[in-house]
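For reference, the structure is listed below as C-alpha cells.
Numbering of ligands and ligand atoms starts at 1, following listing order. Just so you know, these numbers come straight off a predicted model, no measurement behind them.
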Amino acid sequence: MSRFWSAGIADLAPYVPGEQPRLDNLIKLNTNECPWPPSEKVLAAIRAAADGRLRLYPDPVSLELRRTIADYYGVAPEQVFVGNGSDEVLAHAFRALLKHDAPLLFPDITYSFYPVYCRLFDIAFEQVPLREDFSLVLEDYDRPNGGIIFPNPNAPTGRAVTRADIEALLDRNRDSVVVVDEAYVDFGAESAVPLVAHHPNLLVVQTLSKSRALAGMRVGFAIGSEALIEGLTRVKDSFNSYPLDRLAQVAAQAAFEDEAWFQRTRQAVMAERARVSGALTRLGCEVVPSQANFVLARPPKPAESVMEALRARHIIVRHFSAPRVRDWLRITIGTPEQNDVLIAALEEILA
Ligand SMILES: *Cc1c(COP(=O)(O)O)cnc(C)c1O
C-alpha cells in the first residue's frame, strides 16, 4: 500500500501465476507448459530473425502471422486478432466486449484470471456453479447476461463440452458475446472456430503457450466476426500498438507451418494423459476425465500434504485453495520419463 497509488489499485487482487522455481532437476508439472522444446523450425526462424532488423519496430498488425492463422482455420485475416499471450487477448475482450449493465457469466471453478479482469475493468459478474462432477452444463447460462466466458476444456478440471452444445447455447443467446477460451482445445476437444461463420457474437481465443510449446514467446489469438475483431483492435491501439515483437511474430508463424511437430506432440500428450490417469486411478485417486494436457486428481490422502511430499522429491504440481477443489491437485502431463518418476513417487507417498 502506497500513498502514490491511483485510486482502486490497493483493492485489486492480482492473478497469482504458478511458480517458476529456479531449481535444477525439477519435474515441473504445475503450469501446463509443453514438456518438449518447440519445433526446430520455430527455433531456426527465431535465429534467422535475430539480426539488425531488431532496431525497427515490428509490424503493428502482425499481418503475415494473421494470414497464416486465417489460412490454417479457413477464415479471413480480418477475423483474426493476435496479442501478447492469450491473457492479453482476453484482457482486451473483457474491456472491448464484455462490460455491460447485465453481469458477465462464467463458471465458479474456472480460470482464475476472469474475476481478476472483472475487478480491473469494473465489470459486474456472476459465477455459475459447475455440477457436482465438475461438468459444465450450458443450459445453466440461460439467464440475463452481459456476456458469457468459459474455457473449453475447462481449467482446472479438464472437462470439455461439445461443439453442438456450444452451438445450441449460441442459438439461445444471440444478444451478448460468448467467449470460448480454447487454451487446451488441441488436446482432444472440439474447437468452436467453425461456428464463427454463422454466429457474429462468438469469439474463440487460443494460445501458442500450451500445444505449440511457446509459453516463453507470449502469443495468443482470437477468431471472430470482423465486428468483434475491430472492437479488440480499438482497445489494442489505445493500449499498445506493437504487442507482438519481431521474434514472436516469426516464431508463431513457423509454429503453424510445422504441422508434423504439432500432431506428433499433441498425440504424445494425449497418450501419456491416458497412461497417467490410469496410474492415478490404480493408486486410489479420483481422476476427472480430461481433454487437456493436465489432469485434476483427488488423492486418497490430504492434497496439500501430497503436494509437499512431491515437492520434496523435486516434482511440482498445482494446488488451488478454492473450497470446491482444495482436496484436488492439478497435474500437468509431462514426458514419459517425467511421468514415470511422478508415478513412482506417488506409489511411495500413497502407499
Ligand atoms: C494458460 C491459459 C491461458 C493463457 O495463456 P497465455 O500464455 O497467456 O497465452 C488462457 N486461458 C486459460 C484457461 C489458460 O489455462
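Nearest protein heavy-atom neighbour of atom 8 (O) of ligand 1: R218 NH2, 2.8 Å. Protein heavy atom at the shortest distance from atom 11 (N) of ligand 1 is D181 OD2, 2.7 Å.
Neither the backbone nor the side chain of F113 has any atom closer than 4.0 Å to an atom of ligand 1 (non-hydrogen atoms only).
Other residues, nucleotides and ligands place no more than 12 heavy atoms under 6.0 Å from the CD atom of E230.
When each atom of ligand 1 is checked for a heavy atom of S209 under 4.0 Å away, the hits are 6 (P), 7 (O), 9 (O). Annotation for ligand 1: atoms under 4.0 Å from non-hydrogen atoms of A183 are 2 (C), 11 (N), 12 (C), 14 (C). Short contacts between ligand 1 and K210, defined as distances under 4.0 Å to a heavy atom of the residue, involve ligand atoms 1 (C), 2 (C), 3 (C), 4 (C), 5 (O), 14 (C), 15 (O). Atom numbering of ligand 1 starts at 1 in the shown order; those under 4.0 Å from a heavy atom of G85 are 8 (O), 9 (O).
A heavy-atom distance below 4.5 Å is found between the side chains of T68 and E257. When side chains are defined from C-beta on, V219 does not count as touching L214, because their heavy atoms never get closer than 4.5 Å. Looking at heavy atoms from C-beta onward, Y184 lies out of side-chain contact with Q291 at the 4.5 angstrom threshold. Contact of the D171 side chain with the R174 side chain is registered, since non-hydrogen atoms from C-beta on lie closer than 4.5 Å.
At a 3.5 angstrom cut-off on N or O pairs, S86 counts as close to ligand 1.
Under 4.0 Å is where a charged nitrogen must lie from a carboxylate oxygen, and between R172 and D142 at least one such pair does. With salt bridges taken as basic N to acidic carboxylate O contacts below 4.0 Å, none links D133 and R131.
Here atom 15 (O) of ligand 1 lies nearest to Y184 when heavy atoms of F150, Y184, Y114, Y111 are compared.
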